Amino acid sequence: MYRFSNTVIGFLNLFTLLASIPIIGGGLWMARSSTTCESFLQTPLLVVGFVVLIISLAGFIGACFNVAWALWLYLVVMLFLIGTLLGLTIFGFVVTSQGGGVEVPGRVYKEYQLEKYSSWLKSRIKDPHYWSTIRSCILGSNTCAQIASWTPLDYLERDMTPIQSGCCKPPTSCNYATATMMTQDADCYRWNNAPNLLCYECDSCKAGVLEHIRRDWHKLSVLNIVMLVLLIGIYSIGCCAFRNTRRSETDYPHGENRMSKVRPRWDFYWWRWWYDRKNQLY
């Protein structure tokens, strides 16, 4: 059982080391792609891939070859990762706690309102550069083309994704049949039948995107919790492996067997001189 923790850490880090290779490859492939949606994710994917590669390499070398400094580096970075992941998980739950769809009478799908989401998400989605990227992404994905051939009956009986509900049609409350003096939703005036315009500048479209992000973030938060439990377990085993590596440097399983020089206290020599003088006198 003495080297069991080292063996477990070695195999775990070998597995994560091999797993980091396709992650980095996917990020590099996205970097070469011209699709906006893919390039939008390349940076975090590459960062995660390289961090996992470096950590796994340090943990593998430290556990299998009894390199104490490599395991020390591994444990420090792992502790930083656990803290970062915990912070991101809490932050994700806080910013995605608000939102959700509104029931539409006589419809299966829901509609979404921008003011129901957190201030951080709203400020992010309203940034012109960020929204331009998302808008190009939606256009390139042909999301609205999937419902372009729907009949009026389909709109009554079929469900939509949040992005389709907010970006591909005007709000259900809009009335275009006759001229009306009643005040309508501002998105009713932003709607355009042109396929490259539709309701892409509507607040309902931005709300649909935030709802899509909110759902994905909730799924990611559940995965983060699982990863936190796993990382804490691996960190605990890594601490045992680090202790075993330090012990193996002394070739003695119960601790250090080499004594280092003990530096005397500041008054040691003075008391020793006084004691010798007293013995000489008496």
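Here the structure is a predicted model, which means the values were calculated and not measured.
- Ile225 and Met78 fall into different hydrophobic clusters, defined by Ile, Leu, Val, Met, Phe, Trp and Tyr side-chain heavy atoms under 4.5 Å apart, directly or through other members.
- For Glu211 (side chain) and Pro162 (main-chain N/O), no donor-acceptor pair under 3.5 Å exists by modelled atom type.
- Proximity of Lys110 to Val104: side-chain heavy atoms (C-beta onward) are nowhere separated by under 4.5 Å.
- The shortest distance between side-chain heavy atoms of Thr96 and Ile213 does not fall below 4.5 Å.
- Residues passing the side chain to side chain contact (heavy atoms under 4.5 Å, CB included) test with Lys169, sequence neighbours excluded: Tyr109, Glu111, Tyr155, Met160, Ser165, Thr172.
- Taking both residues in full, the closest heavy atoms of Val95 and Leu121 are given as O-CD1, 3.3 Å, listed atom of the first, atom of the second, then distance.
- Looking at heavy atoms from C-beta onward, Arg158 lies out of side-chain contact with Val108 at the 4.5 angstrom threshold.
- Side-chain atoms of Gln164 come within 3.5 Å of backbone atoms of Thr161 as a donor-acceptor pair (strictly under, hydrogens ignored).
- Here OG of Ser221 is found 10.5 Å from CG of Asp216. Values are rounded to the nearest 0.5 Å.
- Of the possible donor and acceptor atoms, none in the side chain of Asn142 sits under 3.5 Å from a partner among the backbone N and O of Ala145.
- For Lys206 and Trp131, the positive end sits near the middle of the six-membered ring, less than 6.0 Å away and at most 45° from its axis.
- The two residues Tyr200 and Ile138 make their nearest non-hydrogen contact at CE2-CG2, 3.7 Å.
- Between Asn175 and Gln184 the shortest heavy-atom distance is N-OE1, 2.6 Å.
- The nearest pair of heavy atoms linking Leu197 to Arg135 is CD2-NH2, 3.9 Å.
- No side-chain heavy atom of Phe11 sits under 4.5 Å from any side-chain heavy atom of Phe60.
- The SG atoms of Cys144 and Cys168 are placed within less than 2.5 angstrom of each other.
- In this structure the side chain of Tyr112 never reaches within 4.5 angstrom of the side chain of Val102, judged on heavy atoms.
- Geometric assessment of Arg214 against the ring of Tyr117 yields a negative cation-pi assignment under the 6.0 Å and 45° thresholds.
- If you take CG on Leu198 and CG on Asn193, they are separated by 8.0 Å, rounding to the nearest 0.5 Å.
- Following chains of ILVMFWY side-chain contacts shorter than 4.5 Å, one can reach Leu79 starting from Leu228, so the two form part of one hydrophobic cluster.
- The SG atoms of Cys202 and Cys199 lie less than 2.5 Å from each other.
- Using modelled atom types, one side-chain atom of Ser136 and one backbone atom of Ser132 make a donor-acceptor pair closer than 3.5 Å.
- For the atom pair NZ of Lys126 and OG of Ser123, the computed distance is 8.5 Å after rounding to the nearest 0.5 Å.
- Considering all non-hydrogen atoms of both residues, Tyr130 and Arg124 come closest at CD2-O, 3.3 Å.
- With hydrogens and angles disregarded, no donor-acceptor distance shorter than 3.5 Å links the side chain of Thr143 to the backbone of Leu139.
- A donor-acceptor contact shorter than 3.5 Å links the side chain of Asp187 to the backbone of Asp203.
- Residues Cys239 and Ser236 have side chains not in contact (no heavy-atom distance under 4.5 Å, counting atoms from C-beta outward).
- Atom CG of residue Leu210 and atom NZ of residue Lys122 lie 9.5 Å apart, to the nearest 0.5 angstrom.
- Under a cut-off of 6.0 angstrom, the local environment of CH2 in Trp72 is sparse, with at most 12 non-hydrogen atoms contributed by other residues, nucleotides or ligands.
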Query raised in the report: Can you check ring-ring contact (aromatic ring centres under 6.0 Å, His included) on Trp217 and Phe93, steps first, answer last?
Result: CA-CA 8 Å; Trp217 214 333; Phe93 276 118; 9.8 Å; no
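- The closest side-chain heavy-atom distance from Cys205 to Ile163 is not below 4.5 Å.
- Transitive grouping of hydrophobic side chains (ILVMFWY, heavy atoms separated by less than 4.5 Å) brings Leu73 and Tyr235 into a common cluster.
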Query raised in the report: Step by step, would you call Ile125 with Leu114 a side-chain contact (heavy atoms from CB on, under 4.5 Å)?
Result: CA-CA 10 Å; Ile125 203 72; Leu114 187 61; 4.1 Å; yes
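- Considering Ile54, Leu53, Ile55 as possible partners of Val51, the one that fulfils the side-chain contact (heavy atoms from CB on, under 4.5 Å) test is Ile55.
- Remark: side-chain polar atoms of Tyr176 are paired, donor with acceptor, to backbone N or O of Cys188 under 3.5 angstrom.
- Heavy atoms of other residues, nucleotides or ligands lying less than 6.0 angstrom from CZ of Phe80 number 12 at most.
- Annotation: side chain of Tyr74 is not in contact with side chain of Leu57 (no heavy-atom distance under 4.5 Å).
- What you find for Asn192 and Ala194 is that their closest heavy atoms are OD1-N, 2.9 Å.
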